[in-house]
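Quick notes on the structure that follows.
These figures come from a predicted structure and were not determined experimentally. Each ligand, and each atom within it, is numbered from 1 in the order the structure gives. Values reported hereafter were calculated over all heavy atoms of this structure, with side chains retained and with hydrogens, waters and symmetry mates removed.
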Amino acid sequence: MVIMAETPKEICDNLTLARESSMIGNYESAEVYYAGTMQLVTQLIINITDPLRKNKWLQAKQRIALEYDRVKSITATLHSLRLNVGTNAPSGARRLPIPDEPVKDSDFNFGDTYDPDVWPPPPPGDGGYTVNRVQNGPKPKTKKKPEPPRRSNAPSARTSSSTSRTSSVRPTKGGKVERPSSSKSARNPDSNKVAIDKDIKDVDNEKAEKSEPEEEKKFECHGMDRDLVDTLERDIVQKNPNIRWEDIADLKEAKRLLEEAVVLPMWMPKFFTGIRRPWKGVLMVGPPGTGKTMLAKAVATECETTFFNVSSSTLTSKYRGESEKMVRLLFEMARFYAPSTIFIDEIDSLCSRRGSESEHEASRRVKSELLVQMDGITANVEDAGKVVMVLAATNFPWDIDEALRRRLEKRIYIPLPTQEGREALLQINLREVKLDPDVNLPAIAKKMRGYSGADITNVCRDASMMSMRRKIFGLKPDQIKQLPKEELDLPVTERDFEEAIDKNNKSVSQDDLDKYEKWMNEFGSS
Ligand code: ADP
């Protein structure tokens, strides 16, 4: 894919395809299109100089990322359900409907919150997926009053109430749900449904037992805005982002530095006092798509800290007028739920150099509040042994002003993957797909010199979809839905990779790399 200067139309086309694929429940294609859209938007943002336009695109990117996250979360849930069906069910036992099986709209019962214009129907056997940013862990308990869906382009988060589950789970037509052997249930189709619901409840109970062993403490917002607290807990707190070090290819040095700078102080807060006090903040610098966000999530997962995932544009735009309050609250909650990691993505958009034209009043005030709060962190560690760590990421380190740079004491470079890293990335990305025996991964990795991790992921996704694309070419949606899975799930070949590499150019230029090198030589501290 050649990235042109004029990409908005391409972005819209990709996004439309992503949403359409989601609408027909083709989440894997949707993922590919979302990944492509994100890549195009990132590239476009890099080239935009007008700060207002840039900010608008950053906001758009954030919204698209949210949709993408949700699709990924659905795919992950579907995958885990598939594993569950494949590995746990004794032979001849009843099984849950497999999410990929063709279904009809009439198989669903959505209730009031489903908006078919903006989001695809949940698959059958939607075991009450919590379609939100918390993927795997317990969520802070918030008693929420019923409220209308907040965003028109997002699914309303489904809670795990058994009633919603009961209504959405039905055996699909055409005998998709195998009947239990008992004659009673064979006579009574309703008992089948009850049994399936019970299965789902059992699975959920088991999950709940594993993930919520004890009652969680709840942040009390003395005199603070309850809505703001709820918003933070819903959108920004992630208890378990579920990314482990081994999910991240290469980047050994970055992992080591993060471990030393973030993980160890969390494990040994008493040791890291006085002159050994932890760094106030760590800044990850590097080209887009090199794994900075993944590293932040891995830090939170590995240290089992509460993860506050916030992007600067969220703070300055979404909560306009409340931004400083939001920053204060963010740090207060982080201290309450300590040990915590606050991850601020795209910190450059908050902290463009003082006096530069893009620095408008709101972001200046937010930035000042951030500086004050970061200064407060160290005192808190020493006083109460509660560790709150700020991790920030930027693709534009040269836009960060001196005051903030000083607080982000540790500044580490997250580079493009090496040959070894590219091979590891290929292995990670292709874990779940069949490969033709002739495929030579080291040779493919060599061809992708200069590609970022995200570029490589895109190539893998594209390559793994090639045979499917050839199969469905020219078919109508109805015919596509009827295609048996075996016909689509063919091994990925060398030719698929070649085509995918041809379509996906690298997204980082040598000029960009030179700029990072220059900045790191001047300000790096790894
Ligand atoms: P950044 O924050 O640096 O822009 P991300 O962490 O969001 O990049 O990575 C974007 C995507 O690229 C990830 O979702 C993942 O699929 C892929 N990726 C990038 N780097 C790596 C890596 N080192 N290991 C595994 N996947 C990676």
Side-chain angles (χ1 to χ4, degrees), residues 28 31-46 58 61-62 64-73 75-76 133 135 238 241-258 282-301 307 309-313 341 343-349 391-397 412-433 445 448 450-464 504 506-508 512-513 516:
E28 286 178 5
E31 270 200 35
V32 175
Y33 289 125
Y34 273 117
T37 310
M38 290 294 288
Q39 198 187 6
L40 288 169
V41 175
T42 305
Q43 189 63 30
L44 183 75
I45 290 171
I46 290 175
L58 283 169
K61 183 180 168 192
Q62 216 187 336
I64 298 168
L66 204 65
E67 289 179 27
Y68 184 22
D69 272 357
R70 285 179 169 140
V71 170
K72 280 196 279 191
S73 146
T75 323
R133 305 179 62 155
Q135 291 177 353
Q238 274 184 284
N242 206 22
I243 301 275
R244 301 231 155 244
W245 290 133
E246 65 260 24
D247 297 325
I248 304 177
D250 210 10
L251 302 178
K252 292 195 193 81
E253 184 61 9
K255 288 178 194 168
R256 189 192 64 74
L257 283 165
L258 283 173
V282 176
L283 177 65
M284 293 183 284
V285 173
T290 44
K292 296 184 288 298
T293 308
M294 286 189 87
L295 283 166
K297 290 184 175 176
V299 164
T301 311
F307 187 56
N309 190 354
V310 56
S311 127
S312 308
S313 42
T341 311
F343 175 58
I344 308 178
D345 202 5
E346 297 162 352
I347 197 159
D348 50 275
S349 67
L391 255 181
T394 180
N395 304 335
F396 309 101
I412 62 181
Y413 185 54
I414 312 299
L416 290 178
T418 57
Q419 167 71 16
E420 193 191 331
R422 292 193 296 274
E423 281 181 47
L425 266 156
L426 286 170
Q427 303 276 8
I428 289 177
N429 282 310
L430 299 168
R431 276 191 292 224
E432 289 155 20
V433 294
M448 287 195 282
Y451 279 56
S452 69
D455 294 338
I456 294 172
T457 302
N458 286 344
V459 167
C460 291
R461 286 207 179 117
D462 244 350
S464 66
N504 292 277
K506 59 184 169 195
S507 58
V508 185
D512 294 336
L513 294 177
Y516 288 119

*Side chains of E423 and Q427: do they bring a donor and an acceptor to under 3.5 Å?*
no
_Heavy-atom check, side chain of E253 versus side chain of I412, under 4.5 Å_ = no
*Measuring from each atom of ligand 1, which residues have a heavy atom under 4.0 Å away?*
D247, I248, A249, L251, P288, G289, T290, G291, K292, T293, M294, L425, G453, A454, T457
*When you look at CD of E420, are more than 12 heavy atoms from neighbouring residues, nucleotides or ligands closer to it than 6.0 Å?*
no
*Is there a donor-acceptor pair under 3.5 Å between the side chain of K255 and the backbone N or O of W245?*
yes
*asked:* Using 30° and 60° as the class boundaries, would you call the ring planes of Y413 and Y516 parallel, tilted or perpendicular?
replied: tilted
*Looking only at atom types and distance, does a side-chain atom of Y451 sit under 3.5 Å from a main-chain N or O of N504, one as donor and one as acceptor?*
yes
